[in-house]
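This structure is a prediction, so every number in the text was calculated from the model and none was measured. Along the sequence shown, the residues carry numbers beginning at 1. First listed ligand is number 1; within each ligand, the first listed atom is number 1.
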Amino acid sequence: MKRYLRQQYMPHIWCPGCGNGIVLGALLRAISRLGWDQDRIAVVSGIGCSSRATGYLDFDTLHTTHGRALAFATGLKLARPELKVIVVGGDGDLAAIGGNHLIHAARRNIDITTICVNNRIYGMTSGQASPLTPKGRLATTAPYGNVDRPFDLCQLVQAAGATYVARSTTYHVRQLCNLIAEALENRGFSFVEAVAQCPVYYGRRNRLGTAVDMLKYYRDHAVTVRAAQSMQPEQLADKIIIGRLHHVVEPDYESEYARVMEEARRRADR
Ligand SMILES: Cc1ncc(C[n+]2csc(CCOP(=O)(O)OP(=O)(O)O)c2C)c(N)n1
Ligand code: SF4
């Protein structure tokens, strides 16, 4: 994977045991498997621990402002439709401040693959609750337990119009890699939620043990899409449903946009 990394920026800033490196490794293996030209890939991120990925990746990269990765990525994709555009971001970045960009990118079905590293917390700013922090969990901003219910971000983007939606965890790393590869191949808006451990701010505060204990938790609480179909909602309450959740073929935004541009040109030439 070294050819995809900017070695001069090592060592990275991530804490020992953090899930960010596992998700990044899965993304790079998926890209390697697809054999894509390294010079035709652009990775865009906002701000957060996971968003630091763009600093380490040797593609064209944009490290933008908190929550705005998809806005920048949308502009980039429209200006340079031949590029493969990938967004990497945290659950805070993509679901809180960037939540509106997320649903509209999904609604447009723009050809961008978004990988949400869901560590259920704001890691970089020391553990505030995010829209994906489960009810009752502790956070800097929820010292007596989070009262908010979390989003199911996969259901949200599916309802908003995403054409590929999947979820896996840092324990199921091979599956995660396969799902990212599928997402990259889908033409349209693709979304992969990678449930990942932040052993420092989420794990420690919630007494979840070490990074390895958190990985074991994912192993023990993950259920496949197929198994989940025969389970009751109360049985699924503390489970993580993993696998491909949704895949349909719909026209992508760039093709629709190009069609309208062509029509506008034709009328102007008349
Ligand atoms: C406009 C703006 N608001 C707030 C911040 C502070 N900030 C930086 S990163 C971050 C949250 C990061 O959490 P998440 O997106 O979940 O990523 P993680 O660090 O957990 O990977 C916040 C609130 C900022 N940089 N810019
Ligand atoms: S604070 Fe959490 S998310 Fe950020 S690098 Fe450390 S372990 Fe990873």
Next on the checklist: Strictly distance-based, threshold 3.5 Å: is any side-chain N or O of T65 a donor or acceptor partner for the main-chain N or O of R68?
Outcome noted: no
Item to check | Under 2.8 Å: N/O/S of C15 next to atom 6 (Fe) of ligand 2 | outcome: yes
Next on the checklist: If the cut-off is 4.0 Å to any non-hydrogen atom of D91, which atoms of ligand 1 fall inside it?
Outcome noted: 16 (O)
Checklist entry - How far apart are the C-alpha atoms of D152 and R167, what are their side-chain angles, what is the distance that settles it, and do they pass the salt bridge (Lys or Arg N to Asp or Glu O under 4.0 Å) test? => result CA-CA 11 Å; D152 182 326; R167 183 191 292 114; 3.0 Å; yes
Checklist entry - So is T65 in contact with ligand 1, going by heavy-atom distances below 4.0 Å? => result no
Checklist outcome for this item: Note: ligand 2 atoms sitting under 4.0 Å from heavy atoms of P199 are 7 (S)
Item to check | Sidechain-backbone polar pair: Q38 side chain, R3 backbone, donor-acceptor under 3.5 Å | outcome: yes
Next on the checklist: Within the 4.0 Å heavy-atom shell around N119, which atoms of ligand 1 are there?
Outcome noted: 18 (P), 20 (O), 21 (O)
Checklist entry - Any idea which atoms of ligand 1 are less than 4.0 Å away from a heavy-atom of I97? => result 1 (C)
Checklist entry - Which atom names give the shortest non-hydrogen contact between P150 and K135, and what distance separates them? => result CD-N, 4.0 Å
Next on the checklist: Check for me, please, whether Y202 and I13 land in the same ILVMFWY cluster - side-chain distances under 4.5 Å, paths through other members count.
Outcome noted: no
Next on the checklist: Side chain, backbone, both or neither: which applies to I47 and ligand 1 if a contact is any heavy-atom pair less than 4.0 Å apart?
Outcome noted: both
Next on the checklist: With heavy-atom distances below 4.0 Å as the criterion, list the atoms of ligand 1 near G123.
Outcome noted: 13 (O), 18 (P), 19 (O), 20 (O)
Item to check | Residues R80, E82; criterion salt bridge (Lys or Arg N to Asp or Glu O under 4.0 Å); working and verdict | outcome: CA-CA 5 Å; R80 298 283 306 275; E82 75 281 8; 2.5 Å; yes
Next on the checklist: Using a 3.5 Å distance criterion without hydrogens, assess whether the side chain of N206 forms a donor-acceptor pair with backbone atoms of L138.
Outcome noted: yes
Next on the checklist: Taking distance alone, with N or O pairs closer than 3.5 Å, would you say S51 contacts ligand 1?
Outcome noted: no
Checklist entry - Checking H66 side chain against I47 main chain: does a donor-acceptor pair fall under 3.5 Å? => result yes
Checklist entry - Where is the nearest protein heavy atom to atom 4 (Fe) of ligand 2: which residue, which atom, and how far? => result C49 SG, 2.4 Å
Next on the checklist: So that I can tick it off, tell me whether E262 and R259 are bridged by a salt bridge, with the cut-off set at under 4.0 angstrom between side-chain N and carboxylate O.
Outcome noted: no
Item to check | Residue, atom name and distance, where the atom is the protein heavy atom closest to atom 7 (N) of ligand 1 | outcome: T125 CG2, 3.5 Å
Item to check | Per-atom contacts, ligand 2 versus Y201 - under 4.0 Å to a heavy atom | outcome: 1 (S)
Next on the checklist: With a heavy-atom distance limit of 4.0 Å, tell me whether Y202 approaches ligand 2 through its side chain, its backbone, both, or neither.
Outcome noted: neither
Checklist entry - What atoms of ligand 2 come closer than 4.0 angstrom to any heavy atom of W14? => result 5 (S)
Next on the checklist: In this structure, does ligand 1 have an atom that sits under 4.0 Å from one of the heavy atoms of I121?
Outcome noted: yes
Checklist entry - Among protein heavy atoms, which lies nearest atom 3 (S) of ligand 2, and at what distance? => result N119 ND2, 3.4 Å
Checklist entry - Is the backbone of S45 close enough, under 3.5 Å, to the side chain of T54 for a donor and an acceptor to pair up by distance? => result no
Checklist entry - When you look for heavy atoms under 4.0 Å from ligand 2, do you find them on the side chain of I13, its backbone, both, or neither? => result neither
Checklist entry - Which residue and non-hydrogen atom of the protein lie closest to atom 8 (Fe) of ligand 2, and at what distance in Å? => result C18 SG, 2.4 Å
Item to check | Side-chain touch V223/I242, heavy atoms, less than 4.5 angstrom | outcome: no
Checklist outcome for this item: Note: ligand 1 atoms sitting under 4.0 Å from heavy atoms of D93 are 14 (P), 15 (O)
Checklist outcome for this item: Note: G19 and A196 closest approach over all heavy atoms is CA-CB, 4.2 Å
Checklist entry - Checking only N/O/S atoms, does C198 have one that is under 2.8 Å from atom 4 (Fe) of ligand 2? => result no
Item to check | Residue G90 vicinity, atoms of ligand 1 by number, heavy atom under 4.0 Å | outcome: 14 (P), 15 (O), 16 (O), 17 (O)
Next on the checklist: Is it true that R107 and H104 share a donor-acceptor pair across their side chains at a distance under 3.5 Å?
Outcome noted: yes
Item to check | For atom 16 (O) of ligand 1, the protein heavy atom that lies nearest, with its residue and separation | outcome: G92 N, 2.8 Å
Checklist entry - Do you know which of T163, D252, N186 makes side chain to side chain donor-acceptor pair (under 3.5 Å) with N109? => result T163
Checklist entry - How far is atom 2 (C) of ligand 1 from its nearest protein heavy atom, and which residue and atom name does that atom have? => result H66 CB, 3.7 Å
Checklist entry - For the residue pair T141 and A129, what are the closest heavy atoms and their distance? => result OG1-N, 2.9 Å
Checklist entry - Which heavy atom of the protein is the closest neighbour of atom 13 (O) of ligand 1, given with residue, atom name and distance? => result Y122 CA, 3.3 Å
Checklist entry - What are the atoms of ligand 1, with element, lying closer than 4.0 Å to any heavy atom of C49? => result 18 (P), 19 (O), 21 (O)
